[in-house]
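Here the structure comes first, spelled out in structure tokens, and everything after it is commentary.
Scope of the values below: all heavy atoms of this structure, side chains included, with no hydrogens, waters or symmetry mates.
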Amino acid sequence: MGYDKDEFQTPVSLENFTKELPGRFKAGEFSEARKDQVHREIEAFNKKLKNQWTLWKKAGVATASAAASFLLIIGAGFVSPTMAKMVAKIPPLSSIYDNHHQDLTEELTQALKKEGYPVKQVNQYVGGKNEGITVSLDASEKQVNEMEPGVRKIGLSIVKSNEFKGTRIEDYYIKVRQYREPSEKWKREQAQIEKESEEVFEIVQSALKPYEFKNSIMFGTNTVELEFPSNEKQEKVDEIKTAVEEALAANNKHNIEVKIRKFNLAKREQYARWGNAVSGIAHEFMTYKKYKVSGVGHKSEDGLMTIFITMKMKSTDEGAADQASDLYTMAEDFIKSEEIWPQVKQDPYKIVVRTKDKKEFIIEDGKRSFR
């Protein structure tokens, strides 16, 4: 999903670090023990999100996996007649929309347990060049090696079934690994972190209560960040910040820094209006391989909402112009549909279809070309 850098700032050092990680991982720079630790922490995090009313939920912090959210957020009835006609050569959209409630990992979990496999966790990884499913078995390493062919066979039979024919899901990898319980040390550390976070959360919430604070609160390592609309009076911002700082200090939380982040309210509201539109377009184009689309994003600037559709094709590839034209028309028709147009409140918008070699599809005087 696209985002506005003015709305979400990432430290350059962190941004560069995260960009380098995939390459370092593939190059084998990290030991197997390190990789296992990452897997365990991701699994523990996912488990917490599923099973607990976490600090982040209570704080109202919107956390999202960008790759996953735009692929999995689906709205009913988004397919217009024009779009349906254009995709007649691929499996009916209804096959995806009617089954979006089905959890692929749950489907695989049930299938494996039915065959007697000791399944502990099944995780789906989306985004990036490689997408797939990792199955963790509660068994010895030798048993896991013996079970792996059978597990992979069941997994592949599901992702390559007619239900997912023609979609990116049929290309999923299926990995099988031994489940390893997090160490007691790690559990104690996580419990301590959660305890301290809960304490900070309660202190901050108590300090904010008199002000009826309705904006987001974000928690980091030794930081609390409060959001305010850019048109909020600075006197009020300073007053609230001071109240939170004093409350933390009174409770011996001197190491917690209080930060302020301001956002453009009108821009944020526009992003919210366009959420379903962009999610619907992205889900459609990114799910089916036939579209040859590598990304869909959006950006609000001076009241204009721009939808970016990036193709996997180069402008010189055969059929690229026709493909770009179809993508443009489908997105246009979708935005103007009875379901979406009222939601975006008829905001001014622009659709930009770009090729792999960074050429933009344009329509001038009825002629369609790249430049």
Side-chain angles (χ1 to χ4, degrees), residues 1-11 14 45 48-66 68-70 73 75 190-279 298-303 305 342-347:
M1 189 78 77
Y3 66 88
D4 188 340
K5 290 185 178 179
D6 293 333
E7 292 294 299
F8 181 79
Q9 295 288 344
T10 303
L14 178 59
F45 175 72
K48 275 184 175 291
L49 284 183
K50 280 187 175 182
N51 300 331
Q52 294 185 16
W53 186 46
T54 64
L55 167 66
W56 311 109
K57 292 179 183 178
K58 288 187 284 186
V61 179
T63 59
S65 170
S69 62
F70 73 69
I73 296 175
Q190 295 305 304
Q192 182 62 29
I193 291 172
E194 187 165 344
K195 178 184 176 183
E196 293 175 357
S197 298
E198 290 280 359
E199 291 174 355
V200 172
F201 172 77
E202 296 298 338
I203 294 168
V204 172
Q205 285 291 82
S206 179
L208 292 173
K209 191 173 182 180
Y211 300 97
E212 298 184 352
F213 190 83
K214 302 294 185 182
N215 303 315
S216 295
I217 310 167
M218 285 161 283
F219 295 81
T221 305
N222 298 327
T223 62
V224 171
E225 189 169 270
L226 307 176
E227 279 197 341
F228 290 90
S230 55
N231 60 357
E232 185 69 80
K233 292 182 179 179
Q234 189 60 43
E235 293 83 355
K236 184 175 181 180
V237 173
D238 293 339
E239 181 182 351
I240 293 176
K241 182 174 183 288
T242 299
V244 173
E245 289 174 334
E246 290 177 348
L248 289 167
N251 287 275
N252 296 317
K253 301 292 183 183
H254 303 281
N255 62 319
I256 306 296
E257 180 184 4
V258 179
K259 296 182 178 181
I260 301 299
R261 187 165 76 92
K262 294 190 176 182
F263 61 90
N264 184 307
L265 183 60
K267 185 179 288 189
R268 177 164 294 187
E269 290 175 343
Q270 187 177 37
Y271 276 121
R273 288 196 298 275
W274 281 82
N276 280 338
V278 178
S279 293
H298 63 315
K299 181 178 181 180
S300 169
E301 190 169 12
D302 296 328
M305 179 59 72
Q343 292 184 27
V344 300
K345 295 189 175 180
Q346 302 183 17
D347 283 344

Residues Lys267, Phe263; criterion side-chain contact (heavy atoms from CB on, under 4.5 Å); working and verdict: CA-CA 8 Å; Lys267 185 179 288 189; Phe263 61 90; over 6 Å; no
Hey, does [Y] have a side-chain heavy atom less than 4.5 Å from the side chain of [X]?
X      : Y      : result
Ile260 : Lys241 : yes
Pro229 : Glu232 : yes
Val344 : Met305 : no
Glu239 : Glu235 : no

Smallest separation among heavy atoms of [X] and [Y], with atom names:
X      : Y      : answer
Tyr271 : His298 : CD2-NE2, 3.4 Å
Ala247 : Ala207 : CB-CB, 3.8 Å
Val244 : Val258 : CG1-CG2, 3.8 Å

Could you tell me the separation between the [atom1] atom of [X] and the [atom2] atom of [Y], rounded to the nearest 0.5 Å?
X      : Y      : atom1 : atom2 : result
Glu198 : Phe219 : CD    : CZ    : 9.5 Å
Ile256 : Asn251 : CD1   : CG    : 11.5 Å
Asn276 : Ser279 : CG    : OG    : 6.0 Å
Leu248 : His254 : CG    : NE2   : 9.5 Å
Leu208 : Ile217 : CG    : CD1   : 5.0 Å
Lys236 : Phe228 : NZ    : CZ    : 8.0 Å

Glu246: what forms a side chain to side chain contact (heavy atoms under 4.5 Å, CB included) with it, not counting sequence neighbours? Thr242
Judged by modelled atom types alone, do Glu196 and Gln192 share a side-chain donor-acceptor pair under 3.5 Å? yes
Using the salt bridge (Lys or Arg N to Asp or Glu O under 4.0 Å) criterion, which residues pair with Asp238? Sequence neighbours excluded. none
Is it true that Glu227 and Arg268 have a side-chain N and a carboxylate O under 4.0 angstrom from each other? yes
